[in-house]
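See below for the structure under consideration.
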Protein chains: 2
Amino acid sequence: MAERGEPMTSETLAQCLCTNPVVVRRTMGLLREAGIVASSRGHAGGWAIVADLEKVTLRQLHEALGEPAIFAIGNRNETPECLVEQSVNAVLDKAFADAETLLLDRFANVTLAALVADFARRAAVRRLQKD
Amino acid sequence: MAERGEPMTSETLAQCLCTNPVVVRRTMGLLREAGIVASSRGHAGGWAIVADLEKVTLRQLHEALGEPAIFAIGNRNETPECLVEQSVNAVLDKAFADAETLLLDRFANVTLAALVADFARRAAVRRLQKD
DNA sequence: GTTTCATGTAACTTCGTTTATTACAAATAA
DNA sequence: TTATTTGTAATAAACGAAGTTACATGAAAC
């Protein structure tokens, strides 16, 4: 999307992502609410990036998408009655929090611009390999 | 379990854990394969801890249970064709690996003995509160 | 203005994974 | 020999994520 001047339709994006136009709209809608993309209807409509690629980080995308749970394991219950569960939570809560902080900090250090640059490099390599 | 001299049945454990005896057997079976618990059949049978509580860590439990995925987000595909996916993976793989290492190191520092001690402390507090 | 194209969104279906359940064989102690 | 308990296969249920259908709304082209 970053390399296109014109908007891309949900249909086109869905093909790129091997998914469904409605799923694209749902997801892009969240990014629009965060001011990262914009949508336009009708002829020549679709989705375009409006934010500064240097300023948008993966962390912002994570937030925009509703901060989905990072961990697949861990606390089932924040304030359990069960004392065993309380003990386990007490030891692990900090560990999970620290790991989450580490990860989110890394996310914050990746801009869309950096990804675009890396992508361009990979595309160039692939072109060379084809010749 | 640590505070009991005799084995506990899957039935009893299932009630404690709000789950099903068969689920308990499946899970405890993995812990048995790792040498952490033992099972006995028939009258007065059930499950008991056989490992040294000072030596068993949460990391060992994690391994014994088949190292379930820690992260709910991240790589769908380790070697994607898609260049965008490759770029994203390249930046995030290390971040996820570092977060995983951090977490597993923390797990390794928690022994069952420490949990038992913490549990005992909490149980004492609860008893005092009841009086 | 009417047609075409595209998003917005609600409602529903499908899919995959995890968990729960049923059923019964095998083993063990009373 | 009976009561009890694990071992395990097979099946069902529950859940969440993703996909699909349907149609209303808005915008550009003719």
Side-chain angles (χ1 to χ4, degrees), chain A residues 1 4-51 61-77 80 82 85, chain B residues 1 4-51 61-62 64-78 80 82 84-85 88:
Chain A
M1 287 180 70
R4 291 216 185 193
E6 57 201 15
M8 290 178 76
T9 67
S10 308
E11 183 69 41
T12 307
L13 286 169
Q15 280 171 6
C16 294
L17 299 168
C18 298
T19 182
N20 190 286
V22 178
V23 173
V24 170
R25 282 182 212 134
R26 282 203 280 247
T27 307
M28 297 297 277
L30 295 172
L31 299 185
R32 184 190 50 219
E33 286 171 21
I36 297 169
V37 302
S39 61
S40 52
R41 299 181 173 201
H43 270 281
W47 302 90
I49 302 177
V50 292
L61 296 187
H62 180 251
E63 282 165 14
L65 297 178
E67 311 203 350
I70 288 178
F71 299 110
I73 58 178
N75 263 0
R76 289 281 170 92
N77 189 342
C82 169
E85 203 173 348
Chain B
M1 287 178 69
R4 291 217 184 191
E6 58 201 16
M8 291 178 75
T9 66
S10 308
E11 184 69 41
T12 307
L13 286 169
Q15 280 171 7
C16 293
L17 298 167
C18 299
T19 181
N20 189 284
V22 178
V23 174
V24 171
R25 282 183 212 132
R26 282 203 283 249
T27 307
M28 297 297 278
L30 295 171
L31 298 185
R32 184 189 49 218
E33 286 171 22
I36 297 168
V37 303
S39 62
S40 52
R41 297 180 175 202
H43 271 281
W47 302 90
I49 302 178
V50 292
L61 296 188
H62 180 251
L65 297 178
E67 311 203 348
I70 288 179
F71 299 109
I73 57 178
N75 263 359
R76 289 281 171 93
N77 189 342
E78 200 54 59
C82 169
V84 174
E85 203 172 348
V88 175

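Side-chain atoms are counted along with the backbone in the values below, which use heavy atoms only and exclude waters and symmetry mates. The chains referred to below are lettered A, B, ... by the order of the sequence lines, with proteins before strands, and numbering in each begins at 1. If you're wondering where the values come from, they're calculated on a predicted model, not measured in any experiment.
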* Approximate separation, where rounding is to 0.5 Å, of A:N20 CG and A:R26 CZ -> 8.0 Å
* For the side chain of B:R41, starting at C-beta, report the closest nucleotide among C:dT9, C:dT21, D:dT6. => D:dT6
* Asked: Are A:S40 and C:dA6 close enough that a side-chain N or O sits under 4.0 Å from OP1 or OP2?
  -> no
* To do: Provide, to the nearest angstrom, the distance between the CG atom belonging to A:L13 and the P atom belonging to C:dC5.
  => 18 Å
* Asked: Under 4.0 Å between a side-chain N or O of A:S39 and OP1 or OP2 of C:dG8?
  -> yes
* To do: Mind checking B:G45 for me? I need base, sugar-phosphate or nothing, with any heavy atom below 4.0 Å counting as a touch.
  => sugar-phosphate
* Do the non-hydrogen side-chain atoms of B:M28 and B:M1 ever get within less than 4.5 Å of each other? -> yes
* Candidate nucleotides D:dA3, D:dT20, C:dG8, ranked by approach to the side chain of B:H43 - the nearest -> D:dA3
* In terms of the nearest nucleotide of DNA chain D, which residue is placed more toward the 5' end: B:M8 or A:G42? -> B:M8
* Could you state the CD-C1' distance from A:E33 to C:dT9, rounded to the nearest angstrom? -> 12 Å
* Would you mind reading off the distance between B:Q15 atom CD and C:dA20 atom C1', rounded to a whole angstrom? => 15 Å
* In whole angstrom, what separates B:E6's CD from C:dA29's C1'? -> 15 Å
* Drop me the distance from A:L17's CG to A:T12's OG1, to the nearest 0.5 angstrom. => 10.5 Å
* Structure fact -> Between CD1 of A:I73 and P of C:dT18 the distance, given in whole Å, is 13 Å
* 5′-ward residue of the pair A:V22/A:A44 relative to DNA chain C -> A:A44
* Please report, rounded to the nearest Å, how far the P atom of C:dA23 is from the CZ atom of B:R25. => 14 Å
* Any A:N20 side-chain N or O less than 4.0 Å from OP1/OP2 of D:dA18 -> no
* To do: Using a 4.5 Å cut-off on heavy atoms from C-beta on, say whether the side chain of A:E33 contacts that of A:L30.
  => yes
* Could you state the atom-to-atom distance from CG of B:L30 to C1' of D:dT8 in whole Å? => 13 Å
* To do: Kindly indicate, with the supporting measurements, whether the criterion side chain to side chain contact (heavy atoms under 4.5 Å, CB included) is fulfilled by A:R25 and A:V22.
  => CA-CA 5 Å; A:R25 282 182 212 134; A:V22 178; 4.0 Å; yes
* Structure fact -> With the side chain defined as heavy atoms from C-beta on, B:R26 is closest, among D:dG19, C:dA10, C:dT21, to C:dT21
* Structure fact -> Checking D:dG7, D:dT21, C:dT7 against the side chain of B:W47 (C-beta onward), the nearest is D:dG7
* Structure fact -> Of the candidates C:dG8, C:dT21, D:dG19, the side chain of A:R32 sits closest to C:dG8
